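A quick write-up on the structure given underneath.
The residues of the chain are indexed from 1 along the displayed sequence. Predicted model only: the values in this text are computed from it and were never measured.
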Amino acid sequence: MSNFNFLLFGVYPYIALAICLIGSWARFDLAQYTWKTGSSQMLQPKGMRLASNLFHIGIIFILCGHFVGLLMPEALYHSFISSADKQLVAMVSGGFFGILCLIGLVMLIRRRLGDARVRATSSRSDIAILFVLLAQLLLGLGTIVASTGHLDGSVMVLLGTWAQSLVTLQPVKAAAAIESVGLIYKLHVLLGVSLFVLFPFTRLVHIVSAPVWYLGRRYQIVRQKGVKPAMPRAQRPHGYEAPVRETAAPVAAPGYATAKSESPV
């Protein structure tokens, strides 16, 4: 095993995870108001709902599939499915949801770059992360094409061994397991690990955001227009007498005499 392979697939994943955790903590502590996606739906709602739903439905199922497929040991799934059948299921489901995600992502990129108002409010990181996700998605779909050349599930087992070895803190075993797989798989894994590095510095942070504090927040009182608030009237103290208001004497206009003034001689 080469030192370069060990550095990329045995050491770099831990560095990326450390940057992700420390960077996310620092951003949440120092710049909480930047912890958002910066939605542009109010600027241009046309096509936003369809594109966003396609992208998010696809990406959620892809992430769940990767989590289960990579971290489930062989001993657990061999009792009901073989490695070859598992790979076939992964190829079919991953291809379907990958295409959904790709369609939604392309629509989002076109909207982000094609609409002047949306483009003006987009940061460089907003645009860059979309293209990084596009490259990762295309690599993932490319691995499905490459997997048609070996349907025995051997490569999937090696990738699973790599992920499980990292979780169990065995970097040497992890790097050795992935060394023999094809280049497109290595690029897909490497870019996927790099997304952890980019996570704290982009809009990807909204993935781990959940507004659970709204459940315990007090209701917000909103005053309706034209309706006076129903507040109790203050009680006057015992023995209170209202002050007598003095009425001012009428002031005569210049050149005219009042009723009590003397008549001119």
Side-chain angles (χ1 to χ4, degrees), residues 12-13 15-17 19-67 91 93-146 184-214:
Y12 179 54
I15 297 176
L17 183 61
I19 294 175
C20 178
L21 295 177
I22 297 174
S24 298
W25 171 79
R27 180 175 178 180
F28 188 81
D29 186 61
L30 302 176
Q32 287 190 12
Y33 288 105
T34 66
W35 194 283
K36 57 188 179 67
T37 60
S39 176
S40 59
Q41 187 173 1
M42 295 181 62
L43 299 176
Q44 178 54 267
K46 184 179 180 180
M48 176 65 179
R49 185 182 299 274
L50 178 60
S52 179
N53 287 338
L54 288 176
F55 171 75
H56 284 95
I57 291 174
I59 200 71
I60 289 173
F61 276 91
I62 290 174
L63 291 177
C64 292
H66 279 66
F67 182 81
M91 292 172 61
S93 60
F96 175 74
F97 288 106
I99 292 176
L100 288 184
C101 186
L102 178 62
I103 295 174
L105 182 57
V106 171
M107 292 174 65
L108 290 175
I109 293 176
R110 181 181 178 183
R111 176 180 175 275
R112 179 74 57 177
L113 299 179
D115 188 275
R117 298 178 66 189
V118 177
R119 177 69 182 270
T121 58
S122 302
S123 63
R124 293 181 179 179
S125 64
D126 293 338
I127 299 175
I129 197 62
L130 290 177
F131 282 99
V132 173
L133 292 175
L134 178 62
Q136 177 68 346
L137 186 57
L138 292 176
L139 285 173
L141 293 174
T143 60
I144 297 177
V145 178
I184 190 170
Y185 297 99
K186 290 183 177 180
L187 292 176
H188 184 56
V189 169
L190 191 62
L191 187 54
V193 173
S194 299
L195 285 174
F196 284 93
V197 179
L198 300 176
F199 182 89
F201 312 106
T202 61
R203 60 193 296 150
L204 292 179
V205 293
H206 79 280
I207 296 175
V208 296
S209 298
V212 293
W213 50 83
Y214 286 117

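Side-chain contact between Ile62 and Leu137 is present, with at least one heavy-atom pair separated by less than 4.5 Å. The closest side-chain heavy-atom distance from Leu108 to Leu54 is not below 4.5 Å. At least one side-chain heavy atom of Ser194 sits less than 4.5 Å from a side-chain heavy atom of Tyr12.
For Tyr185, the OH atom counts as densely surrounded, since its 6.0 Å shell holds more than 12 non-hydrogen atoms of other residues, nucleotides or ligands. Taking a 6.0 Å sphere around CD1 of Ile22, one finds it holds 12 or fewer heavy atoms contributed by other residues, nucleotides or ligands. When the shell of 6.0 Å around CZ of Phe61 is examined, it contains 12 or fewer heavy atoms from other residues, nucleotides or ligands.
With rounding to the nearest 0.5 angstrom, the OG atom of Ser24 is 12.0 Å from the CG atom of Asp29. Distance CG/Leu139 to CG/Leu187: 6.0 Å, rounded to 0.5 Å. Summarising the geometry, atom CZ belonging to Phe199 is positioned 9.0 Å from atom CZ belonging to Arg27; distances are rounded to the nearest 0.5 Å. Taking CD1 of Ile59 as the start and CG of Leu100 as the end, the distance is 11.5 Å to the nearest 0.5 Å. To the nearest 0.5 Å, atom CG of residue Leu198 and atom CD1 of residue Ile129 are 5.0 Å apart. Rounded to the nearest 0.5 Å, atoms CE (Met91) and CG (Leu141) are 11.5 Å apart.
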Can you check side-chain contact (heavy atoms from CB on, under 4.5 Å) on Leu102 and Leu138, steps first, answer last? CA-CA 8 Å; Leu102 178 62; Leu138 292 176; 4.1 Å; yes

Steps toward side-chain contact (heavy atoms from CB on, under 4.5 Å) verdict (Phe28, Val205): CA-CA 10 Å; Phe28 188 81; Val205 293; over 6 Å; no

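Closest heavy-atom contact between Ala146 and Ile184: CB-CG2, 4.1 Å. When all heavy atoms of Pro200 and Ile19 are compared, the pair lying nearest together is CG-O, 3.6 Å. Smallest separation of non-hydrogen atoms from Ile144 and Gly94: CD1-C, 3.8 Å. Shortest non-hydrogen contact noted between His188 and Gln136 is O-NE2, 3.1 Å.
No donor-acceptor pair under 3.5 Å is formed between the side chain of Arg203 and the backbone N or O of Ser125.
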